[in-house]
Q: 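Take a look at this one; I'll ask things after.
All of these numbers come straight from a predicted model, not from anything done at the bench. The chains referred to below are lettered A, B, ... by the order of the sequence lines, with proteins before strands, and numbering in each begins at 1.
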Amino acid sequence: MRIATWNVNSIKQRLDHLAAFVKEAEPDVLCLQELKCVDEAFPRSEIEALGYNVHTHGQKTYNGVAILSKRPLEDIRRGLPGDDGDDQARYLEGVISTSSGIVRVASIYLPNGNPIGTPKFDYKLAWMDRLHAHAQHLLKQEEPIVLSGDYNVIPEPKDAADPSAWVNDALFQPESRAKFRELINLGFVDAVRACSDAPGLYSFWDYQMGAFQRNNGIRIDHLLLSPQAQDKLKTSAIRRDVRGWDKPSDHVPVVIELDIE
DNA sequence: ATGTCAGATAATATCTGA
């Protein structure tokens, strides 16, 4: 089973790229972030025509996440528990059943949190606490779980081409990184890092100042695997080439292969 | 600090968020 995550930065602007990517990569499951549209405006029929079941948790203008799956998605959860007053569409979860078992998949758009020292950063940290609590709950089921998405966290200095440029950014704050580590320490593994310790693996390049041309990137899109999913991990890959397509998202897809039929 | 995008509102620009 192939599972991918991709922050598309507007699904309407990226529909052609999405079609090209799925035809080429043929993911069984594709988690999307930053749809920037409400459920009613999501290009559902176009994506169903590509062979996917479509589940969305959309929002006007901002945020919005989706899970596209060749197989049906069940036990669907929209929104992260822990704050009934949070109306930002940043979390969608479901279960896919196969002949060789199940896998629980989440599509996550973790808050950016900039600028630091404002309520936006507090919201990011509180959201990470809620994700931690929910992940802890999920782990008790002892299932293969893949928490996929744009975490807006640079885990380590080697995950940035120029770490010094990010020291005042919410994505690289000690608090953000510590909470990401605490999530990992529950028992998850970062799928890309399970396959490679190499520096220079990035999933995002800013649109500004020719960041991609200068390879001034960061790695912030992650797939975290529960122990039962780790056991089935075969490969992981970052589709850097997609950033070179015409009118790209600022993020590229990250793809893993699990030994599940 | 920002040379870029995308969406919304108002308007043929300006703002917000990333």
Side-chain angles (χ1 to χ4, degrees), chain A residues 5-21 31-44 46-47 56-66 80 86-91 107-128 131 148-155 159-173 175-177 179-180 202-222 238-254:
Chain A
T5 185
W6 192 8
N7 178 324
V8 289
N9 186 16
S10 170
I11 187 61
K12 291 177 189 172
Q13 294 299 322
R14 227 61 64 197
L15 198 50
D16 290 347
H17 280 200
L18 183 90
F21 171 69
C31 298
L32 302 176
Q33 300 88 35
E34 278 210 86
L35 306 178
K36 295 186 173 178
C37 77
V38 295
D39 293 341
E40 296 73 25
F42 188 88
R44 167 177 295 275
E46 291 90 331
I47 291 174
T56 61
H57 182 36
Q59 184 179 338
K60 186 179 177 182
T61 313
Y62 307 118
N63 311 319
V65 288
L80 189 61
D86 183 3
D87 57 2
Q88 298 192 28
R90 296 179 174 277
Y91 188 89
S107 182
I108 291 170
Y109 181 44
L110 204 146
N112 175 296
N114 278 306
I116 59 173
T118 70
K120 288 187 176 183
F121 189 59
D122 297 336
Y123 174 69
K124 178 186 189 123
L125 297 181
W127 205 94
M128 294 185 83
L131 180 61
S148 317
D150 176 0
Y151 281 75
N152 271 313
V153 174
I154 302 165
D159 296 310
D162 181 9
S164 67
W166 297 92
V167 292
N168 293 316
D169 195 285
L171 280 59
F172 197 51
Q173 287 309 291
E175 297 97 321
S176 311
R177 294 174 56 200
K179 288 191 187 296
F180 184 79
Y202 309 131
S203 66
F204 168 94
W205 296 260
D206 200 286
Y207 285 124
Q208 299 186 69
M209 298 191 298
F212 182 61
Q213 288 70 22
R214 295 161 45 207
N215 197 26
N216 184 18
I218 54 176
R219 193 176 70 91
I220 56 175
D221 299 271
H222 311 299
I238 301 181
R239 284 294 305 269
R240 184 183 193 285
D241 62 296
V242 173
R243 188 63 174 76
W245 292 0
D246 188 43
K247 292 184 166 57
S249 169
D250 38 8
H251 298 249
V252 296
V254 185

Q: Determine the sole option in F204(A), Y109(A), W6(A), Y151(A) for which the ring-ring contact (aromatic ring centres under 6.0 Å, His included) test with H251(A) is passed.
A: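 Exactly one pass, corresponding to F204(A).
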
Q: dG7(B), OP1 or OP2 - any side-chain N/O from K12(A) closer than 4.0 Å?
A: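 So the side chain of K12(A) is outside the cut-off, no N or O lying under 4.0 Å from OP1 or OP2 of dG7(B).
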
Q: Rounding to an integer number of Å, can you tell me how far F204(A) CZ sits from dC5(B) P?
A: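 Spelled out: CZ on F204(A) to P on dC5(B) is 12 Å.
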
Q: Does OP1 or OP2 of dG7(B) have a side-chain N or O of Q13(A) closer than 4.0 Å?
A: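 For dG7(B), OP1/OP2 do have a side-chain N/O of Q13(A) under 4.0 Å.
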
Q: Checking all strands, does F212(A) fall into the base, sugar-phosphate, or nothing category for heavy-atom contacts under 4.0 angstrom?
A: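 Counting heavy atoms under 4.0 Å across all strands, no contact is made by F212(A).
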
Q: Could you tell me how far apart N112(A) (CG) and dA6(B) (C1') are, to the nearest whole angstrom?
A: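 Answer to the nearest Å: 15 Å.
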
Q: Do the non-hydrogen side-chain atoms of I218(A) and D159(A) ever get within less than 4.5 Å of each other?
A: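 Contact flag for I218(A)/D159(A) side chains = no.
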
Q: Taking the nucleotide of DNA chain B with the nearest heavy atom to each, does L35(A) or R214(A) sit closer to the 5' end?
A: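 Nearer the 5' end of the strand: R214(A).
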
Q: From dT16(B), dT4(B), dA6(B), pick the nucleotide closest to the side chain of Y62(A)?
A: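 Nucleotide nearest to Y62(A)'s side chain: dT16(B).
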
Q: Given the P atoms of dA10(B) and dT16(B), what is the spacing between them in whole Å?
A: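 About 14 Å, rounded to a whole number of Å.
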
Q: What is the distance, rounded to the nearest whole Å, between atom CG of N63(A) and atom C1' of dA8(B)?
A: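 About 15 Å, once rounded to whole Å.
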
Q: Just the rounded figure in Å: distance from P of dA6(B) to CD of Q33(A).
A: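 Checked: the CD to P distance equals 17 Å.
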
Q: To the nearest Å, how far apart are K36(A) NZ and dA18(B) P?
A: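 Answer to the nearest Å: 9 Å.
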
Q: Assign each of Y109(A) and R14(A) to its nearest nucleotide of DNA chain B by heavy atoms, then name whichever residue's nucleotide is nearer the 5' end.
A: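 Looking at DNA chain B, the more 5' nearest nucleotide goes with R14(A).
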
Q: Is the CG atom of D122(A) crowded by more than 12 outside heavy atoms at less than 6.0 Å?
A: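 Enclosed: over 12 neighbouring heavy atoms sit under 6.0 Å from CG of D122(A).
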
Q: Between dA1(B) and dA13(B), how far is it from one C1' atom to the other, in whole Å?
A: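 Each nucleotide's C1' atom is 23 Å from the other's.
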
Q: Considering only side-chain heavy atoms of M209(A), which listed nucleotide, dA18(B), dA1(B), dC5(B), is closest?
A: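 Selected nucleotide (nearest to the side chain): dA1(B).
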
Q: Please report the distance, rounded to the nearest Å, between CG in N216(A) and P in dT4(B).
A: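 Whole-Å distance recorded here is 15 Å.
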
Q: Let me know the distance between NZ of K247(A) and P of dT4(B), rounded to the nearest Å.
A: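 For the pair K247(A) NZ and dT4(B) P, the rounded distance is 13 Å.
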
Q: So does T56(A) get a backbone contact from the side chain of R44(A), meaning a donor-acceptor N/O pair under 3.5 Å?
A: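 Looks like no, no N/O pair under 3.5 Å.
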
Q: Can you tell me if S10(A) touches the phosphate of dG7(B), counting only side-chain N or O atoms and a distance under 4.0 Å to OP1 or OP2?
A: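 Checking S10(A) against dG7(B): at least one side-chain N or O falls below 4.0 Å of OP1 or OP2.
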
Q: Atom CD of E34(A) to atom P of dA8(B): distance rounded to whole Å?
A: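 In whole Å, dA8(B) P and E34(A) CD are 13 Å from each other.
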
Q: For side-chain hydrogen bond (donor to acceptor under 3.5 Å, both in side chains), just list the numbers for Y207(A) and N9(A), CA-CA rounded to whole Å, side-chain angles, deciding distance to a tenth of an Å, and then say yes or no.
A: CA-CA 12 Å; Y207(A) 285 124; N9(A) 186 16; 3.1 Å; yes

